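These notes are about the structure you will find just below.
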Amino acid sequence: MIQLTSLKKIGLLFTSVILLTACSTSGDKQFSNRKVSFNSDWSFHLNDSIKDKDTIGTSTQWRTLDVPHDWSIEGKFDEKSPGGYGGGSLNGGLGWYKKTFKVAVEDSTKITSITFDGVYKNSEVWINGHYLGKRPNGYIGFQYQITPYLKYGDKNNEIIVKVDNSKQPNSRWYSGSGIFRNVWIETTNKLHVAQWGTYITTPKVTAEKASVNIETTIKNQYAEGKKATVTTTIFKDETKVTSVTQNITLNANASQTIKQLAEVENPVLWSDENPELYTAVTEISLDDKIIDQYKTTFGIRDFKFDLNKGFILNGKQVKIKGVCMHHDLGPLGSAINTRAIERQLEILKEMGVNGIRTSHNPPATELLELCDKMGFIVMDEAFDMWKQTKTKYDYGNDWDKWHKQDLIDQLLRDRNHASIFMWSIGNEIPEQWSETGVEIAKELAAITRQYDKTRPLTAGMNPPVNMNIDAVTLQFEKKDVSINPLAGSGVLDLIGYNYAHQTFEYHQKNFPKTPFIATETTSGLQTRGYYDAVSDTIKKWPVRWDLKFTEGNPGNTVSAYDQVQTPWGSTHEATWKIIKKHDFLAGMYVWTGFDYIGEPTPYEWPSVSSYFGIVDLAGFPKDVYYMYQSEWTKKDVLHIFPHWNWKTGQTVDVWAYYNNADEVELFVNGKSVGKRAKKGDDLHVMWRIPFDAGTLKAISRKGGKVVLEKEIKTAGNPSQLKLTADRSTIKADKNDLSFVTVDILDANGTIAPNANNEINFSLKGNGKIVGVCSGDPVSHESYKGTKHTALAGKCLVIVQSGDKSGRLELTAKANGLKQATIVITTE
Ligand code: GAL
């Protein structure tokens, strides 16, 4: 690589461009080349009865806030919520946002646009009284050019946004409501790279050389033709790698797409383990002056899905060990926050996850950027329904008018992300069973392939083959297998299995020409830290899924041994055992990585959030997390459970997940109760023993040498609180977060596993408490309050910085317990 211009210098140039541009109010931060954040200081008013823009002036009840914002999460849980417990029992409604801003006179010769990354839902936007348009789909970004309607200099401009999420239900999970993703103002020369205007592919990749194709769409909004030069420079980190230049002639008010070809010698390849990225900087020069710069991050990698070998990345077989994720961020609701997404991904990476399915809609761009950087194999999903609705007011109603544009915009927005390896055109689409479905799939496939041929197309089908599963034995009857019309249509590049793990082993026979991916698996159910101590007595869901989980546990809990599953799914172990066994099974996306708000299967109200997560809503791992960690990572793992607080003599099943060892020996109060070793395809070992208060200790050994030791002690009465911050120094940027774990301990510092004290929080300094959560699916305390009841000895409180550097002092108090204080520095 030749060191020429550094990216840092380019960054400085971007800065100077931005400083000249329309900057609104203080507090907004510049993020990338042409865009400035437009998140600060919006006014918000929630009122179902004001439906008309011209009457909002009559309202005086405006509140100032920054977006991303989700108003539903601020409300009370409501048994009568029209969205139902499936939607998290939190209400939608109709909200108005407005913002006043000034634009510098220098910008009157430029093009100014406003970009919304996602507004749930049915947004309508006005600028200075002029109607810009409507966008029903809440999950896709959109942009309006506002140049003709702007006033420059000292004059005020006003943006008004109407958000109508009042018709419920319109989602099978918690959607959130409002301007829940970022907003940007973009200012460019009249000659510029169009929105989502680059498309970078790497058609030939070897260890020595990669060819890089760069397609750039340039827009000329001058009233006369222009001759210009387009230079694309590729950087690795801050070092220039190569550059290509081309002269162009554009007619007045016209767009043109140019193709440039570059070569990168000795490319550093992107992989899940080594997510190396490149940056392409496009510069347009007019009369020898750079008038537009546009940055695209991309990766160089080579991959295929193979009929026999599964997923091959850069020539190496890689099993996709993925999870499905909904878009909410637990107690923060659906208002996106980059650090909150990053924390989720960090927790998942630590477990060994290398794949994310963005179920069941286009995600926030920030998630994709993090997946690029952190190394996740993403399945980017477009729709949960096509024309046929799943809930009364959902997107099916908007299908005819909007699906083409929404899909195209998703593809244009996302197709440069190194992390995306598959497009999913739908999840459990009702039309999959009919010829109508095949026709729609053909249309969606044609659109997808028009915009990106480099990634395979799939859909989550439930299931691809008619299973003939015996309702009692759950055995797959291999006779009379009938193929799902969509799966058999030849439209899809990958057969996407939602569940039906019993049929996976027959995939090559049923679909000899199309590789496999398990789009969605498992749907195991657990409450963190709750156990029916003897496996045999665990309340399970009857195998017939027309029967309910009626004999549930008190408090709507589900035992956290990996033994309770939905009838359509499996235990965590069962599906992984099959996926692990065969190379042709490229991988799986487990339902779900984290718990999410809504869909509290197997219960109804008063449960309001899910039980499916491997990690709970607060971000605390459930036990099965360590089963995956022992299988999906190389690090030494030994995890034993349950807690050690039972009645004397009570029979308790103790499970251990371990790896890198031949056996585990368990001791109760120093006395061995036996060694266990996994046999065959076992993924855990178990001891059934009488409870005796004291210390439970496990030792894993390899070749007689100790690998790990783990101890659980019987806790006394709850006595004190302990606070632990995931980061004790955060940025003073009004965005950054510190996630603080509260542990309830006995006098000796042992976690009290059944403690459910109410904890009160207070914060001193320039910051605020923005979320509290215990992970209890039955809790109706506000996630936005300053007090919360712990679950199984734990609770989470999230602190957000203000815009001043300094000291934040967080204190937690609970009746009868010694309080705790922690200091978080903001800088
Ligand atoms: C699937 C569906 C998911 C979720 C899951 C729960 O069928 O695709 O969205 O509902 O079931 O088990």
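Just so you know, these numbers use all the heavy atoms, side chains as well, and skip hydrogens, waters and symmetry mates. Counting starts at 1 for both ligands and their atoms, in listed order. Quick caveat: nothing in here was measured; it's all calculated off a predicted structure.
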So, [X] and [Y]: side-chain donor and acceptor under 3.5 Å apart, yes or no?
X    : Y    : value
S609 : D595 : no
Y395 : H403 : no
S419 : D372 : yes
N182 : E366 : yes

>> Once rounded to the nearest 0.5 Å, what's the spacing between atom NZ of K319 and atom CG of D272?
In response: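 Reported to 0.5 Å precision, the distance equals 13.5 Å.
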
> What protein heavy atom is closest to atom 6 (C) of ligand 1, reported as residue, atom name and distance in Å?
Replying inline: F612 CZ, 3.4 Å

> In the protein, which heavy atom is nearest to atom 3 (C) of ligand 1, and how far is it?
Replying inline: E520 OE2, 3.2 Å

Purely on distance, is any nitrogen or oxygen of [X] under 3.5 Å from one on ligand 1?
X    : result
R172 : yes
W591 : no
E428 : yes

>> Strictly below 4.0 Å, N to O, side chains only: are D493 and R449 in salt-bridge contact?
In response: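 Salt bridge flag = yes for R449 with D493.
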
Near [X], which atoms of ligand 1 are under 4.0 Å from a heavy atom of that residue?
X    : answer
Y499 : 1 (C), 5 (C), 7 (O), 11 (O), 12 (O)
W568 : 11 (O), 12 (O)
E599 : 4 (C), 6 (C), 10 (O)
N498 : 8 (O)
S523 : 6 (C), 12 (O)
H360 : 3 (C), 8 (O), 9 (O)

> What are the two closest heavy atoms between P362 and Q410, and how far apart are they?
Replying inline: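 It is CG-CD, 3.7 Å.
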
>> I'd like to know if N427 contacts ligand 1, where contact means a heavy-atom distance under 4.0 Å to any ligand atom.
In response: yes

> Taking atom NZ of K784 as the centre, does the number of heavy atoms from other residues, nucleotides or ligands within less than 6.0 Å exceed 12?
Replying inline: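 Yes, the 6.0 Å shell around NZ holds more than 12 heavy atoms from other groups.
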
